[in-house]
Amino acid sequence: MKILAIESSCDETAAAVVEDGRRVLSNVVSTQIEKHKIFGGVVPEIASRLHTENISGVVKKALSDAGLAAGEVDAVAVTYAPGLIGALLVGVNYAKGTALAVNKPLIPVHHLRSHIAANYITHPDLKPPFMCLVVSGGNTLLCRVKSYTDFEVVGKTRDDAAGEAMDKAARTLGLPYPGGVNLDKASQNGDSQKYAFPHPHVEGSPLDFSFSGLKTSVINLVHNASQKGEQLNTADVGASFIKAVTDSLCGNTEKAMEQYGEKTLVLAGGVSANSVLRARVSELSKKRGYKLYMPDLALCGDNAAMVGAQGYYEFLERRFAHLSLNAKATADICENPRF
Ligand code: KG4
C-alpha cells in the first residue's frame with residue numbers, strides 16, 4: 001500500500017510517497033536553513049509562513065516523482081506532534097484537505113516515532129523489539145521499542161536535548177546555524193581531552209540525561225576567555241564538548257542495554273548524523289556484541305519518508321484521525337491517543 005506522507009514540524013517542508021512502510025517511491029525536502037541563518041536559529045513565525053508557501057509544491061513534486069495522482073495513494077500520513085505549533089498546523093491542515101479531497105484515511109504520526117522508523121527504510125531486516133537512543137534537536141530519550149506502536153521510555157533528558165546543547169555550543173563558538181553539523185565539522189581535528197567539561201548524572205535516575213549544565217559550562221568557558229582576551233581553539237573546545245555529550249549518551253545507553261537485557265541497539269534523530277556519536281556507538285556495540293542499526297545520513301534529519309514508514313505501521317493498527325485532528329506542540333511517544 002502507498003502512503004503520501006507530510007512533515008512540517010520545524011524548518012523543513014517535506015513530502016514523500018512510501019510503499020508498505022519500507023520502499024521510498026519519492027522523498028522531497030525543502031529546507032528553510034538559508035532563511036533562518038541570519039537569525040542564528042529557527043524563527044517559528046517565519047517557519048510557519050515558509051511552510052505555507054512551499055507545501056503545495058512539495059506535495060505535488062512528491063506525487064509526480066512517484067508517478068502517482070493524489071487519488072492513487074491509499075492513505076495520507078502527517079506529523080501532528082511534537083514540534084513548533086504553527087509549523088505543524090500547516091502540514092496537518094494540508095494533509096486533512098488532501099485526505100478529504102481523495103477520500104482516504106488520515107494517519108497522525110508522532111515525530112519521534114518517525115525518526116525511529118527512518119531505520120526501517122535503511123535496514124529492511126530491522127524489526128522490533130530493540131532499544132533506541134533517540135537524539136534530536138528537541139528531545140533526547142532512551143526507549144524500548146516493543147512493537148512498531150508500543151514504546152516504553154526508560155531514560156530522558158531532564159532539561160535540554162543533546163541537539164539543543166550542540167546548537168548552543170556552536171553558536172557560542174561563533175559557528176553558523178545549523179549549529180550541530182557545523183560543530184561536528186569544526187571539531188574534526190580537535191583535542192577531545194583538552195577541556196574537562198562536566199559529566200552530569202541525575203540523582204536516583206541513572207538512565208536520565210541532563211545537558212543544561214554542560215551548555216552553561218561551554219558558554220562560561222568562551223565568555224571568560226573573551227573577557228581575558230584569550231583566544232580559544234574552536235576545534236579543541238568543540239571536540240571536548242562533543243566528547244562530554246557522547247560520554248553521557250553512550251554511558252546511559254550501555255546501562256540501559258544491560259538493565260533490560262537488550263542486544264539490538266538503534267540510533268535515531270538529527271544528532272545521529274554526528275560523526276563522533278556514530279563512531280562511539282559502533283565501538284560500544286562491537287565491544288558489547290550488540291547488533292547496531294543507524295539511519296542512513298540522508299534520513300537522520302527531518303524528512304517525510306520516515307513519516308510514511310511509521311505511518312504504515314500506524315495504518316496497520318487502524319490509528320486513523322477524524323478531520324478534527326489538531327497539531328500538538330508536545331506529546332508523549334508512548335501514548336496511543338484516540339483521534
Ligand atoms: O531530529 P532533528 O532533525 O530535529 C528534531 O526533530 O528536533 O534534529 C536536529 C538536531 C539539531 O539540533 C542539529 O544541530 C542536530 O540535530 N544535528 C547534529 C548534526 N546534524 C544535525 N548534531 C551534531 N552533529 C551533527 N552532525
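One-based numbering, in listed order, for ligands and for the atoms of each.
Counted by atom type alone, His199 and Asp247 present one or more donor-acceptor pairs between their side chains at under 3.5 Å.
Partners of Glu34 by side chain to side chain contact (heavy atoms under 4.5 Å, CB included), not counting sequence neighbours, listed by chain and number: Lys37. By the salt bridge (charged side-chain N to carboxylate O under 4.0 Å, His left out) test, Lys156 is found to be paired with no residue, residues two or more places apart in sequence or in another chain being considered. Annotation: ring pair (Phe, Tyr, Trp, His ring centres under 6.0 Å) contacts of His123 (sequence neighbours excluded): Tyr293.
For ligand 1, the protein residues within 4.0 angstrom (heavy atoms only) are His111, His115, Ser136, Gly137, Gly138, Gly163, Asp167, Gly180, Val181, Asp184, Gly269, Gly270, Val271, Ala273, Asn274, Gly301, Asp302.
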Is there a ring pair (Phe, Tyr, Trp, His ring centres under 6.0 Å) between Tyr313 and Tyr120 once you walk through the steps?
CA-CA 11 Å; Tyr313 296 103; Tyr120 302 142; 5.6 Å; yes
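Ring centroid separation for the pair Tyr80 and Phe339 comes in under the 6.0 Å cut-off.
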